[in-house]
Amino acid sequence: MRDLAQRLLPRRTEGLVLVAMLAVLLACATSSRATAQLGGGIAEADSMLAAGRVGAAESLYYSASSARPRDAVARAALGRYLAARGALRIGAVLLEEARLFGGDTTRIARSLAPIYGSLGDYRALASLPATPLSPAEQKRVRWLVSHPPVLEFPDSVVTLGYKPLVDGSGVGVVSLGIGEHRVDALIDPRGSGVLLRGRAARSRDGLRVFGEDSSGVAAVVSELHLGDVTLSNVTARLATDTSRRAKRERQSVVIGLDVLRRLTPTFDPVAQTITLRRGQISAMTVGTRCPMLIDEQGLRFIVEGHWETGASAAAAKLLGTQRWTSDAKHGVLLLQ
């Protein structure tokens with residue numbers, strides 16, 4: 001009996017090994033199939049979003065993340081989408097989780113850097129792994145950790161004048177104060193922060209500079225005055241381009257729409273006024289709510305079923321002639 005068992009044991013062992021190998025192969029195939037399905041779901045969500053089908057895209061992003069809660073790609077995709085729709089803190093948390101789940105640290109850092117900047121979370125930005133910031137920008141961030149921006153808002157609502165534009169160069173021109181000087185600034189829906197060119201960049205009055213990199217000089221505007229509203233320590237960039245094209249630029253100061261996003265601005269081209277708010281616009285406000293994204297491409301919103309950039313001809317005509325509100329917190333542009 002012992003001899004028979006010894007003769008059968010190798011065959012039994014070989015059988016167990018074969019079963020184990022088949023189980024591993026089956027698990028790998030199942031995992032690969034699930035990964036492929038997940039990747040297809042995210043690609044479909046991206047396609048839906050590009051086509052302007054925001055509701056369908058959002059459902060697919062959530063479904064992909066729910067199906068595999070620890071999948072870095074699905075987590076990051078949902079985080080980027082929600083941050084672009086205005087849910088900055090939630091988007092940041094999801095991207096941080098994606099990094100912990102093994103996501104591409106460099107790509108995630110590129111997504112997180114502007115989100116942290118918009119949130120004013122300079123401590124998180126200063127310690128961001130694989131940071132995309134230049135040494136000058138990192139120096140500025142470290143300074144902002146101990147000198148965070150402050151908003152001085154005298155009333156719940158403040159109104160100031162502006163000159164609307166319909167040529168696609170920007171939303172309009174507004175007068176603002178930097179240091180001791182009043183300047184006319186172009187509000188650019190494609191830009192971010194404050195950009196100073198020419199004489200405004202050379203003056204450096206009211207600015208703190210932190211060094212130069214490939215795209216200019218990293219700086220901070222100590223106090224930016226918009227009517228009775230004062231924003232302190234606003235990130236800025238000084239252009240060092242001396243080309244003929246740069247010299248032909250019409251405005252020496254440009255502010256991105258993101259500078260105003262926390263103030264839920266309402267633009268009235270007919271009255272030529274901008275209304276800034278300490279709080280959010282009422283959910284009962286009458287108007288057409290157009291889904292909106294604010295990301296590395298600037299402002300985009302849906303008009304008649306498709307995306308328009310803030311500088312497109314159709315958007316320029318619409319925003320230059322019709323009252324509208326940028327409600328970034330809820331991811332909509334309200335047309336009235």
Side-chain angles (χ1 to χ4, degrees), residues 41-50 52-66 69-133 137 141 144 148-149 189-193 235 256-265 280-281 289-302 307 309-310 325-334:
I42 294 171
E44 186 180 1
D46 291 342
S47 178
M48 291 287 187
L49 186 63
R53 298 178 61 185
V54 177
E58 183 170 308
S59 295
L60 287 170
Y61 284 128
Y62 272 110
S63 295
S65 185
S66 297
R70 298 182 67 84
D71 185 273
V73 175
R75 214 68 169 170
L78 179 60
R80 290 188 184 96
Y81 166 76
L82 291 176
R85 290 300 309 279
L88 296 173
R89 180 58 68 187
I90 297 174
V93 169
L94 290 170
L95 284 161
E96 290 162 358
E97 290 177 347
R99 184 179 60 220
L100 293 176
F101 298 158
D104 185 332
T105 303
T106 300
R107 188 184 178 199
I108 289 172
R110 287 198 299 267
S111 298
L112 276 172
I115 296 173
Y116 285 150
S118 295
L119 287 168
D121 192 348
Y122 294 107
R123 193 172 300 278
L125 185 54
S127 59
L128 180 63
T131 179
L133 304 181
E137 291 171 325
V141 167
L144 285 167
R190 301 161 297 185
S192 177
T235 57
L257 193 60
D258 65 320
V259 175
L260 306 177
R261 68 182 295 165
R262 63 187 290 196
L263 305 175
T264 318
Q280 299 300 311
I281 193 169
R289 285 169 168 76
C290 306
M292 177 177 71
L293 296 175
I294 299 180
D295 53 18
E296 67 278 359
Q297 299 181 48
L299 168 70
R300 288 177 289 158
F301 60 98
I302 290 181
W307 292 105
T309 65
T325 299
S326 173
D327 187 2
K329 183 175 182 179
H330 297 105
V332 297
L333 188 145
L334 179 67

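- Pairing each heavy atom of S118 with each of R261, the nearest pair is OG-NH1, 4.0 Å.
- Side chain of D327 to backbone of T264: no donor-acceptor contact under 3.5 angstrom is found.
- Remark: side-chain polar atoms of S65 are not paired, donor with acceptor, to backbone N or O of Y61 under 3.5 angstrom.
- The shortest side-chain heavy-atom distance between L128 and L133 does not fall under the 4.5 Å cut-off.
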Legend entry - Step-by-step side chain to side chain contact (heavy atoms under 4.5 Å, CB included) determination, R190 to T309: CA-CA 8 Å; R190 301 161 297 185; T309 65; 5.9 Å; no
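- The two residues M292 and S326 make their nearest non-hydrogen contact at CE-OG, 3.9 Å.
- In this structure, Y116 and V141 have side chains that are not in contact, with every pair of non-hydrogen atoms separated by 4.5 Å or more.
- To the nearest 0.5 Å, atoms NZ (K329) and CZ (R262) are separated by 12.0 Å.
- In this structure, CZ on R289 lies 11.0 Å from CG on L333, to the nearest 0.5 angstrom.
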Inset, instruction - Report the C-alpha separation of D295 and R300 in whole Å, then their side-chain angles, then the decisive distance to 0.1 Å, and conclude whether the side chain to side chain contact (heavy atoms under 4.5 Å, CB included) test is met. - result: CA-CA 9 Å; D295 53 18; R300 288 177 289 158; 2.5 Å; yes
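- Contact annotation: the side chain of F101 never approaches that of D71 to less than 4.5 Å [non-hydrogen atoms, C-beta and beyond].
- Inter-residue side-chain proximity for R80 and E296 is flagged as unmet; no heavy-atom pair is nearer than 4.5 Å.
- Taking each heavy atom of A109 and P129 in turn, the nearest pair found is CB-O, 3.4 Å.
- Atom CZ of R107 has 12 or fewer heavy atoms from other residues, nucleotides or ligands within 6.0 Å.
- Annotation: side chain of L144 is in contact with side chain of T235 (closest heavy-atom distance under 4.5 Å).
- S111 OG to L94 CG: the interatomic distance, rounded to the nearest 0.5 Å, is 12.0 Å.
- With sequence neighbours left out, the side chain to side chain contact (heavy atoms under 4.5 Å, CB included) criterion links R53 to M48, A56.
- Without hydrogens or angle criteria, S59 side chain to G55 main chain gives a donor-acceptor distance under 3.5 Å.
- One finds a salt bridge joining D121 and R89 here, because a Lys/Arg side-chain nitrogen approaches an Asp/Glu carboxylate oxygen to under 4.0 Å.
- Q280 contributes atom CD, which lies 11.0 Å from atom OG1 of T325 (distance to the nearest 0.5 angstrom).
- At a threshold of 4.5 Å between non-hydrogen side-chain atoms, the residues Y81 and V54 count as touching.
- Taken to the nearest 0.5 Å, the CD1 atom of I108 stands 7.0 Å off from the CG atom of L112.
- Minimum heavy-atom separation, A45 to A57: O-CB, 3.4 Å.
- Rounded to the nearest 0.5 angstrom, H330 NE2 and I281 CD1 are separated by 10.0 Å.
- Closest non-hydrogen pair, D258 versus G193, comes out as OD1-N, 3.1 Å.
- Side-chain N or O atoms of R85 include one that pairs as donor or acceptor with a backbone N or O of G331 at under 3.5 Å.
- Between L88 and A83, the closest heavy-atom pair is CD2-O, 3.6 Å.
- Heavy atoms from other residues, nucleotides or ligands lying under 6.0 Å from CD1 of I90 number 12 at most.
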